[in-house]
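Step one of this worksheet: look at the structure below.
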Amino acid sequence: PQQVETRGIVKRVRSGQRVQRLGYRIVLAPVSTGAGFMADGNIHVYSNLRGRALAGVRGDTSARSVCQQLNAELVSIAGHYRVAEDLPESYRNRPVHLYMQGEAMHFTALN
């Protein structure tokens, strides 16, 4: 089995910051509007996601994103994008799990 690096971020990701790393991302602080990060694998944001989160950037369609509050400018899994205007209103400001099923991005409320 291939070992995947997991990195944690404990400070707020501020506007203008870009975090690009291999592996998985676990964020324990808010992601501000204008900030963004990318990961080869899964992204977990245990706070408010206002910026951009791109999971599975090398084409991993099994990558998933989880956030405590979905208010993102943009979310992406394996190159499939949704901008703020295209996010389902019923999932805004809620804990959400995002994943791909075929060519479609799906959203599941976590509470």
* **Between CG on residue N93 and CG on residue N48, distance to nearest 0.5 Å** => 6.5 Å
* Structure fact -> Tightest non-hydrogen contact, residues V57 and D40, listed as CG2-OD1, 3.5 Å
* Just by distance, do the side chain of R82 and the backbone of S76 share a donor-acceptor pair under 3.5 Å? -> no
* With rounding to the nearest 0.5 Å, note down the distance linking OG1 in T61 to CD in E103. => 8.5 Å
* Asked: How long is the gap from OG on S65 to CG on N42, to the nearest 0.5 Å?
  -> 7.5 Å
* Any side-chain heavy atom of V75 sitting closer than 4.5 Å to one from M105? -> yes
* Heavy-atom side-chain contact between R52 and L54 under 4.5 Å -> yes
* To do: Please test V27 against Y46 for side chain to side chain contact (heavy atoms under 4.5 Å, CB included), starting from the C-alpha separation and ending with a verdict.
  => CA-CA 6 Å; V27 183; Y46 294 104; over 6 Å; no
* Heavy-atom check, side chain of V31 versus side chain of F37, under 4.5 Å -> yes
* Polar side-chain atom of N71 near backbone of L49 as donor-acceptor pair, under 3.5 Å -> no
* Asked: How far does CG of L98 sit from SG of C67, to the nearest 0.5 angstrom?
  -> 6.5 Å
* So, for G41 and A63, which heavy atoms are closest and what is the spacing to 0.1 Å? -> O-CB, 3.6 Å
* Atom pair OG1/CZ of T108 and R64 - distance to nearest 0.5 Å -> 8.5 Å
* Would Y99 and H97 count as having a side-chain donor-acceptor pair, cut-off 3.5 Å? -> no
* Pairwise side-chain contact, M100 with H106, heavy-atom cut-off 4.5 Å (strictly under) -> no
* To do: Measure across A72 and L87 and return the closest heavy-atom pair with its distance rounded to 0.1 Å.
  => O-CD1, 3.6 Å
* **F107 backbone acceptor or donor facing Y91 side chain under 3.5 Å** => yes
* Under the 4.5 Å side-chain heavy-atom rule for ILVMFWY, direct or indirect, which residues accompany L110? -> V66
* To do: With the side chain counted from C-beta on, respond yes when T33 and E73 share a heavy-atom pair under 4.5 Å apart, and no when they do not.
  => yes
* Verify whether one side chain among N111 and R94 offers a donor that lies under 3.5 Å from an acceptor in the other. => yes
